[in-house]
Number of protein chains: 2
Amino acid sequence: MAEVAAKAGVSSQTVSRVANNHDNVDETTRAKVLAAMQELGYRPNTAARALVTGKFGAIGVVSFDVGAHGNARTLGAIADAAREAGFSVNFMGIRAQTEAAVRQAFRHLMLQSVDGIVLIESQMLDTPSLHLPPTMPVVVADGDTGHQYPNVDFDQARGTQSVVSHLLELGHRTVHHVSGPSDSFAARRRAEAWERTLVAAGAPVQPTLHGDWTPESGYLAGRTLAKTPDATAVFAANDQMALGVLRAMHEAGRDVPGEISVAGFDDVPEARFFEPPLTTVHQDFDAVGRHCVTLLLEQIERRGSGLRRLALEPTLVVRASTAPPPA
Amino acid sequence: MAEVAAKAGVSSQTVSRVANNHDNVDETTRAKVLAAMQELGYRPNTAARALVTGKFGAIGVVSFDVGAHGNARTLGAIADAAREAGFSVNFMGIRAQTEAAVRQAFRHLMLQSVDGIVLIESQMLDTPSLHLPPTMPVVVADGDTGHQYPNVDFDQARGTQSVVSHLLELGHRTVHHVSGPSDSFAARRRAEAWERTLVAAGAPVQPTLHGDWTPESGYLAGRTLAKTPDATAVFAANDQMALGVLRAMHEAGRDVPGEISVAGFDDVPEARFFEPPLTTVHQDFDAVGRHCVTLLLEQIERRGSGLRRLALEPTLVVRASTAPPPA
DNA sequence: TCACGTAATGTTTTCGTAAACACGATGTAG
DNA sequence: CTACATCGTGTTTACGAAAACATTACGTGA
């Protein structure tokens, strides 16, 4: 910076003003400084800038299992939105949903100095020992709605209700459910909404089959369901498990949707190419990511907005895997 | 830091030594300092540390399309490995494979000050205008092998050869290919290896059907193949396109694998639950991510290793989607 | 016994930038 | 025509930590 200042024949402070786009610089001077910057290949030093401003121009993202389609998409959208806002993204993956892992991730991010944190798919927030400083802006995607942080998520209840109702309206007596892991809020809310919808419709509630989001777990549940004669409709809590159910049905020689209907949740890009194409609930993960960044930036810039919870509307996508029950 | 020093009755420099785990500190003093740190909730300031050391404790990851399973998994593994090494990950997603986008990403990372960069799935590196400073350590995953940077990738040729040979050995006269986008090196190498394998076996080479990694593109290619009477074996350059091919075959009433065999590449978690379960080539993305970090850290720490290119071995996974051709 | 190495700690300086403050030139209102 | 705001710019200082250098207290070998 000193070199640039010397070359342009101005003080370093003027260079700083040009670098930060302040408006109280004469156009002629600005041009000279910019030319000198160009020539010397000047790049401002983030560390020094962060040191003096206390801002880092970075947001932290803590996510579980980026291998999962939804999380990966959300992360991608966050990164895009952050870049557009001039922020970089400090990513931390977490393998285990343990308090220790989450705490370590937070500590790491605190050390790495970010201006705010987005947390994807976690239910560990209420643990008091997490010690997030109260001044640290946080937004939660796909998490508990019970805690104190702003939240962006899909309306899981509405989405679930739309699939389950769709199946009931087709004439199914009831709908079986293959749930996600019980430590996931999304999974819990989908299971609750499934049950509520059945009860509201006066349909009998069969015991839930517990999965863990993986196709394997859906396959195991599907094998059980294939042996259940009066099962005519299945709602799996995500598309991967629905795929496992489909596979189990094929192996058992049960026709989908002739004998049994199967529906999923997420609408992954592959869903419409499954055999048969899967009826599911579409979620716009890009929108989630964008909204997370918006809410986070509002907090960072202290424009405290009243908008603390955002529920996006998922939409039912009916394909060939659901049909009326056999006569 | 000054507060900690005061509380512990030592100088700030001693606090610094304790914080950095230097060994020339008396155990008694160290304990006092640690206690003071604990009590005051002291957290070292990364910005200040980076300013004085010139190191940032961060690596940048530039990736295309984190929605793609392989890229997401690689990113996750990089993040894990980086964290274990005490580095954080600065993630930049890129939508378009344009020179401008890549350059912007690099510039952003330079500004954000990282110690090194991992580039996933890019072929823009040879563009001279990218201006990466020669001192910036870079590792490329899944990219061109022709440029000057260390590289970690799967042996695409071996993997491809193993599937294509598998199909030929089953008795197919030749194998059709649904390729990935031509601006992807992985896609190009798979296409080249496919052709070489056919030529080496004396099998006729049919024109490639061009896809873009998406199931949609595989579906379109599949519709064409379904109308090609003498097509008995298809090798799709990834599993998603293979899924599209399967769908097209189902819709056309062509039995897989009875009439036509289909194979993919990647072995995504869903592949064994496709209908029929997909023969494909398994790739260990976690290993790629780990090795990227290893190579990058070697550069960062100036332990220049002779090991500049790493080719991991993919393995053929034979499932039910491939069989001998109809008699 | 004395010179000198060494371990533990303190003092000063440095990193690159932006904020705070200061200053002169110009414009403007009373 | 004078007092006073405003604009463009320069000077000084602060940010928090670590490197470089200084100092003290010991121990040890010739």
Side-chain angles (χ1 to χ4, degrees), chain A residues 1-37 40-58 86 88 108 110-115 133 135 300-302, chain B residues 1-37 40-58 86 88 107 109-115 133 135 301-302:
Chain A
M1 182 151 134
E3 292 175 38
V4 174
K7 178 145 210 144
V10 299
S11 72
S12 66
Q13 184 53 33
T14 301
V15 176
S16 167
R17 282 191 263 256
V18 172
N20 292 290
N21 253 315
H22 287 205
D23 51 3
N24 53 348
V25 179
D26 190 81
E27 279 310 317
T28 327
T29 313
R30 183 190 302 274
K32 269 192 302 189
V33 172
L34 286 174
M37 282 178 168
L40 291 166
Y42 168 77
R43 301 251 173 265
N45 179 314
T46 332
R49 179 176 291 175
L51 179 58
V52 73
T53 60
K55 300 280 178 184
F56 303 95
S88 67
H108 194 94
M110 303 297 307
L111 290 179
Q112 273 310 316
S113 312
V114 294
D115 297 318
T135 56
I300 290 174
E301 293 161 12
R302 312 278 162 204
Chain B
M1 181 152 137
E3 292 175 38
V4 174
K7 178 147 210 144
V10 298
S11 73
S12 65
Q13 184 52 34
T14 301
V15 176
S16 167
R17 283 191 263 257
V18 172
N20 292 288
N21 254 314
H22 288 203
D23 51 1
N24 53 348
V25 179
D26 191 83
E27 279 312 317
T28 328
T29 313
R30 182 189 304 274
K32 268 193 302 191
V33 172
L34 286 173
M37 281 179 170
L40 292 167
Y42 167 78
R43 302 251 173 265
N45 178 315
T46 332
R49 179 177 291 174
L51 179 60
V52 73
T53 59
K55 300 279 178 185
F56 304 94
S88 66
R107 184 163 45 210
L109 283 178
M110 300 299 307
L111 289 179
Q112 274 310 318
S113 310
V114 295
D115 297 319
T135 56
E301 293 161 12
R302 312 277 162 203

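Reminder, nothing fancy here: chain letters follow the sequence lines and each chain counts from 1.
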| task | Please confirm whether the backbone N or O of B:F56 pairs with a side-chain atom of B:D115, one donor and one acceptor, at under 3.5 Å? | result | yes
| said: Closest-nucleotide mapping onto DNA chain C: is B:A48 or B:D23 further toward the 5' terminus? I mean the 5' end. | reply: B:D23
| field | Within residues 29-36 of chain A: residues closer than 4.0 Å to DNA chain D (heavy atoms) | value | A:T29
| message | Working to the nearest 0.5 angstrom, can you tell me the gap between B:N20 CG and B:H22 NE2? | response | 4.5 Å
| Interatomic distance where OH belongs to B:Y42 and P belongs to D:dG16 [whole Å] | 10 Å
| task | Determine which pairs satisfy salt bridge (Lys or Arg N to Asp or Glu O under 4.0 Å) with at least one residue from residues 14-31 of chain A, sequence neighbours left out, and list them in order. | result | A:E27-A:R30
| message | Rounded to the nearest 0.5 Å, what separates atom CE in A:M1 from atom CE in A:M37? | response | 8.0 Å
| message | Going by the rule side-chain hydrogen bond (donor to acceptor under 3.5 Å, both in side chains), which residues pair with A:S11 if we only count those two or more places apart in sequence or in a different chain? | response | A:T14
| note | note: A:D26, atom CG; D:dC7, atom C1'; distance rounded to Å ~ 10 Å
| request: Of all the heavy-atom pairs spanning A:A50 and B:A47, show the shortest one and how long it is. | output: CB-CB, 3.7 Å
| Considering all heavy atoms, the nearest A:V4-A:V33 contact | CG1-O, 4.1 Å
| remark: Contacted region of DNA chain C by chain B, from 5' end to 3' end of the hits, cut-off under 4.0 Å to heavy atoms, spans C:dA8 to C:dG16
| A:K32: what forms a side-chain hydrogen bond (donor to acceptor under 3.5 Å, both in side chains) with it, not counting sequence neighbours? | none
| query | Within the structure shown, what part of the strands sits under 4.0 Å from B:N24 by heavy-atom distance: base, sugar-phosphate, or nothing? | reply | base
| request: Could you check how far CZ of A:R17 sits from C1' of D:dG8, rounded to whole Å? | output: 8 Å
| message | Short of 4.0 Å, heavy atom to strand atom, which residues of residues 6-16 of chain B count as contacting DNA chain D? | response | B:Q13, B:S16
